[in-house]
Every structure is written in C-alpha cells, then in structure tokens.
Student: 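Have a look at the structure that comes next, please.
Source: prediction; values computed, not measured.
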Amino acid sequence: MIRCLELNSGKGVKELRDDTNIQLAMRLERRLQCEMQLCIRVHVCEDQMQLLGTVASWYQKQQAQETAREVAPEYRIRNDLRVSGTAGQ
C-alpha cells in the first residue's frame with residue numbers, strides 16, 4: 001500500500017486521513033484474502049479505491065469489486081484487476 005500525497009500543509013488532517021485509508025485498505029485486503037482466497041492489493045487515495053492484481057475469472061473480478069463497494073460505499077472504485085485464463089487451472 002502507498003500513502004496518498006497531498007500538497008496542503010495541514011499535517012494533522014493529512015496523517016489522520018492517511019491512517020484511515022491505510023486501515024481501510026488493509027481491512028479490504030484481509031477480507032478478500034480470507035473470504036475469496038484472492039491476493040489483491042488495495043490502494044486508497046482521497047475518494048478513490050484501486051484494486052490491483054490478477055484473478056482467475058471475470059466473476060472473481062466482479063465479486064472483488066462488489067466486496068469493495070460493500071466495505072466502502074462512499075469511495076469510487078477503480079477495478080484494475082486482470083483476468084488470467086490460466087490462473088484457475
């Protein structure tokens with residue numbers, strides 16, 4: 001996970017937002033790993049959540065996106081997961 005860089009000087013607000021984003025990303029990564037057996041990286045920056053990695057099917061890609069929407073409905077989800085036809089074989 002990466003921290004979102006901002007150009008403002010309000011350090012306290014930025015650090016709090018970063019910590020919340022990191023905790024949210026970790027919680028979602030853990031849930032995807034435990035419930036769906038998927039190794040997906042999650043980056044959160046401002047109002048956007050990005051899913052990164054490779055899954056075996058389009059169904060898993062959609063299911064990961066819906067799980068992210070359930071965990072953080074206020075975030076815009078950017079699903080950059082790749083589907084590999086050989087990952088599930």
Student: List the atom of A68, the atom of L28, and the distance in Å for their closest heavy-atom pair.
Tutor: CB-CD2, 3.6 Å
Student: Between A64 and I40, what is the shortest heavy-atom contact and its length?
Tutor: CB-CD1, 3.8 Å
Student: Please find the pair of heavy atoms, one from S84 and one from T54, that lie closest to each other, and give the distance.
Tutor: CB-CG2, 3.4 Å
Student: I need the R31 CZ to L38 CG distance, nearest 0.5 Å.
Tutor: 12.5 Å
Student: Quick one: NE2 on H43 to CD1 on I22, what's the gap to the nearest 0.5 Å?
Tutor: 10.5 Å
Student: Between V83 and V55, does the side-chain contact (heavy atoms from CB on, under 4.5 Å) criterion hold? Intermediate values first, please.
Tutor: CA-CA 5 Å; V83 177; V55 293; 4.2 Å; yes
Student: A side-chain contact here means heavy atoms from C-beta on lying under 4.5 Å apart; do M49 and L24 qualify?
Tutor: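 Sidechains of L24 and M49: in contact.
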Student: Does one hydrophobic cluster hold both W58 and L32, with members joined at side-chain heavy-atom distances below 4.5 Å?
Tutor: yes
Student: List the atom of C34, the atom of Q37, and the distance in Å for their closest heavy-atom pair.
Tutor: O-NE2, 2.9 Å
Student: Atom OH in Y75, atom CD in E46: separation rounded to 0.5 Å?
Tutor: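 With rounding to 0.5 Å, OH (Y75) is 10.0 Å from CD (E46).
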Student: Should L81 and L52 count as side-chain neighbours, where that means a heavy-atom distance under 4.5 Å?
Tutor: no
Student: Are side-chain heavy atoms of E66 and Q62 found at a separation under 4.5 Å?
Tutor: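 Sidechains of Q62 and E66: in contact.
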Student: Verify, without hydrogens or angle tests, whether Q50 (side chain) and R78 (backbone) share a donor-acceptor contact under 3.5 angstrom.
Tutor: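 Judged by distance alone, no pair lies under 3.5 Å.
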Student: Which heavy atom in N79 sits nearest to a heavy atom in Q65, and how many Å separate them?
Tutor: ND2-OE1, 2.9 Å
